[in-house]
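Written out below as structure tokens is the structure these notes cover.
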Amino acid sequence: MEEPHRGIRALHTASTITVYQAYAPEIGVTAVRDGRFPSTWLRDRMTWIKPSFLWMMYRSNWGTSAGQETVLAVEITRAGFDWALRHACLSSYVRGLHPDRGTWQRELKRAPARVQWDPERDLNLRPLAHHSLQLGLSGEASSRYADEWTVSINDVTPLAREIRTLVNRGDLDSATRLLPQEQRYPAGDELLAHLRP
């Protein structure tokens, strides 16, 4: 099946979707231990979640970038994720999708979530032709994410390191078998029409 130019692929169940983030150990390890984000996690700050494991690997350099040494797989409710999409605004102005720049700026200021579409990555972290969603949460969305939507938090740093080792050895088949089995997320026009340029 051909990939849509902009689409959401994710590990998901009937009721949850897994997204990825990377933090310094003092946040990440505590979140895994307690199954929730600690009080030191700033709920009033924008936080970006990524349904694509490989895009998170690109962003965190396989969990080796400073402050991103702990890679988390955060399972959240699909109801929460869909709420964020419904209340999101694109992070940049698109002529034709937005009536004008001023309208987009007002929408962006009010929206508790924002969307960016960035090139998906392959195992060597090179860009692919299709784009994956990055979802920024702030204000109400950020608080709901941390305190209502989160179902579980798992440390996938060892998995990231194992896959990276296989990639560095040139064993892409074994690396591929270890990747999370991300499938197309059932987000129809009702959720994405206002977010697809």
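Heavy atoms only: backbone and side chains are in, while hydrogens, waters and symmetry mates are out. Residues take their numbers from the sequence shown, with the count starting at 1.
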Give me each pair satisfying side-chain hydrogen bond (donor to acceptor under 3.5 Å, both in side chains) with a member in residues 159-172, each pair once, sequence neighbours excluded.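 As it turns out, the side-chain hydrogen bond (donor to acceptor under 3.5 Å, both in side chains) pairs with a partner in residues 159-172, which skip direct neighbours, are Asp171-Ser174.
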Looking only at atom types and distance, does a side-chain atom of [X] sit under 3.5 Å from a main-chain N or O of [Y], one as donor and one as acceptor?
X: Ser142; Y: Met46; answer: no
X: Thr18; Y: Glu75; answer: no
X: His194; Y: His98; answer: no
X: Glu148; Y: Ala146; answer: no

Contacts of Ile27 that satisfy side chain to side chain contact (heavy atoms under 4.5 Å, CB included) - sequence neighbours left out: Tyr23, Pro38, Thr40, Trp41
Taking only residues two or more places apart in sequence or in another chain, which ones pass side chain to side chain contact (heavy atoms under 4.5 Å, CB included) with Ser52? Leu54, Trp55, Glu120, Ser132, Glu182
Residues 103-111, side-chain donor-acceptor partners within the protein, below 3.5 Å, at least two apart:
| unit_1 | atom_1 | unit_2 | atom_2 | d |
| --- | --- | --- | --- | --- |
| Thr103 | OG1 | Asp100 | OD1 | 2.9 |
| Thr103 | OG1 | Asp100 | OD2 | 3.2 |
| Thr103 | OG1 | Arg106 | NH2 | 3.3 |
| Trp104 | NE1 | Leu90 | O | 2.9 |
| Arg106 | NH1 | Gly102 | O | 3.4 |

Using every non-hydrogen atom in the two residues, find where Arg114 and Ser91 come nearest and quote the distance to one decimal.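 Reported closest heavy-atom pair: CD-CB, 4.2 Å.
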Ser60: side chain to side chain donor-acceptor pair (under 3.5 Å) partners, not counting sequence neighbours: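 For Ser60 there are no side chain to side chain donor-acceptor pair (under 3.5 Å) partners, ignoring immediate neighbours.
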I'd like to know if Arg126 pairs up with Asp122 as an ion pair, taking the criterion as any Lys NZ or Arg NE/NH1/NH2 lying under 4.0 Å from an Asp or Glu carboxylate oxygen. yes
Do Lys50 and Asp118 meet the salt-bridge criterion of a basic N to acidic O distance under 4.0 Å? no
Nearest 0.5 Å, please: how far is CG in Leu166 from CG in Asp173?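 Going from CG on Asp173 over to CG on Leu166, the span is 10.5 Å.
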Separation of Ile153 CD1 from Arg36 CZ (nearest 0.5 Å):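 Rounded to the nearest 0.5 Å, the CZ-CD1 separation comes out at 8.5 Å.
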Qualifying residue, where the test is ring pair (Phe, Tyr, Trp, His ring centres under 6.0 Å) with Trp149 and the options are Phe37, Trp83, Phe81: Trp83
Greater than 12 external heavy atoms within 6.0 Å of Arg59's CZ: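 Not more than 12 within 6.0 Å, no.
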My understanding is that only residues two or more places apart in sequence, or in another chain, count here; which of them pass salt bridge (Lys or Arg N to Asp or Glu O under 4.0 Å) with Arg196?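 Arg196 satisfies salt bridge (Lys or Arg N to Asp or Glu O under 4.0 Å) with no other residue.
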Would you say Trp48 ends up clustered with Leu135 if hydrophobic residues are merged whenever their side chains have heavy atoms under 4.5 Å apart, either directly or through other cluster members? no
Are Leu11 and Leu85 linked, directly or through intermediate hydrophobic residues, by side-chain heavy-atom contacts shorter than 4.5 Å (ILVMFWY only)? no
Test applied, side chain to side chain contact (heavy atoms under 4.5 Å, CB included); reference residue, Met57; option that passes from Val71, Leu123, Ile163, Val156: Val71
